[in-house]
> 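Below you will find the structure I want to go over with you.
For the numbers below, each heavy atom of this structure counts, side chains included, while hydrogens, waters and symmetry mates do not.
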Amino acid sequence: MHDHAEFAAMGRYERQYGLLAEDAVDGWRNQPQAAEISAADFERLWVEARRALGNSA
């Protein structure tokens with residue numbers, strides 16, 4: 001997403017939700033409570049989270 005053509009979109013996203021991750025995001029695997037979820041569960045939770053963040057902004 002750090003492509004020059006996406007700079008405006010990235011700026012809007014970061015102003016609303018915070019900075020984008022730059023490093024690998026697999027550190028969660030080392031957490032004792034970590035568990036993988038299905039793609040369908042991820043999508044459902046992602047929609048819920050975006051809705052909640054949108055309502056609190």
Side-chain angles (χ1 to χ4, degrees):
M1 184 158 192
H2 282 110
D3 186 304
H4 179 60
E6 299 293 327
F7 188 73
M10 183 181 72
R12 288 189 303 274
Y13 180 95
E14 289 180 347
R15 281 190 295 281
Q16 184 163 359
Y17 302 108
L19 295 176
L20 297 171
E22 293 288 336
D23 294 329
V25 293
D26 62 355
W28 64 269
R29 294 177 189 274
N30 299 327
Q31 300 302 312
Q33 301 293 322
E36 291 190 41
I37 62 173
S38 70
D41 283 342
F42 175 85
E43 291 299 329
R44 180 182 52 77
L45 293 168
W46 182 250
V47 168
E48 282 182 35
R50 293 293 298 254
R51 188 178 307 123
L53 287 171
N55 290 337
S56 67

> Strictly distance-based, threshold 3.5 Å: is any side-chain N or O of Arg44 a donor or acceptor partner for the main-chain N or O of Ala40?
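No: the side chain of Arg44 does not pair with the backbone of Ala40.
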> How far does CD of Glu43 sit from CD of Glu48, to the nearest 0.5 angstrom?
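Output value for this atom pair is 12.0 Å.
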> I'd like to know if Ile37 and Trp46 are part of one continuous hydrophobic network [Ile/Leu/Val/Met/Phe/Trp/Tyr, side-chain heavy atoms within less than 4.5 Å].
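Yes, because Trp46 and Ile37 connect within a single hydrophobic cluster, where side-chain heavy atoms sit under 4.5 Å apart.
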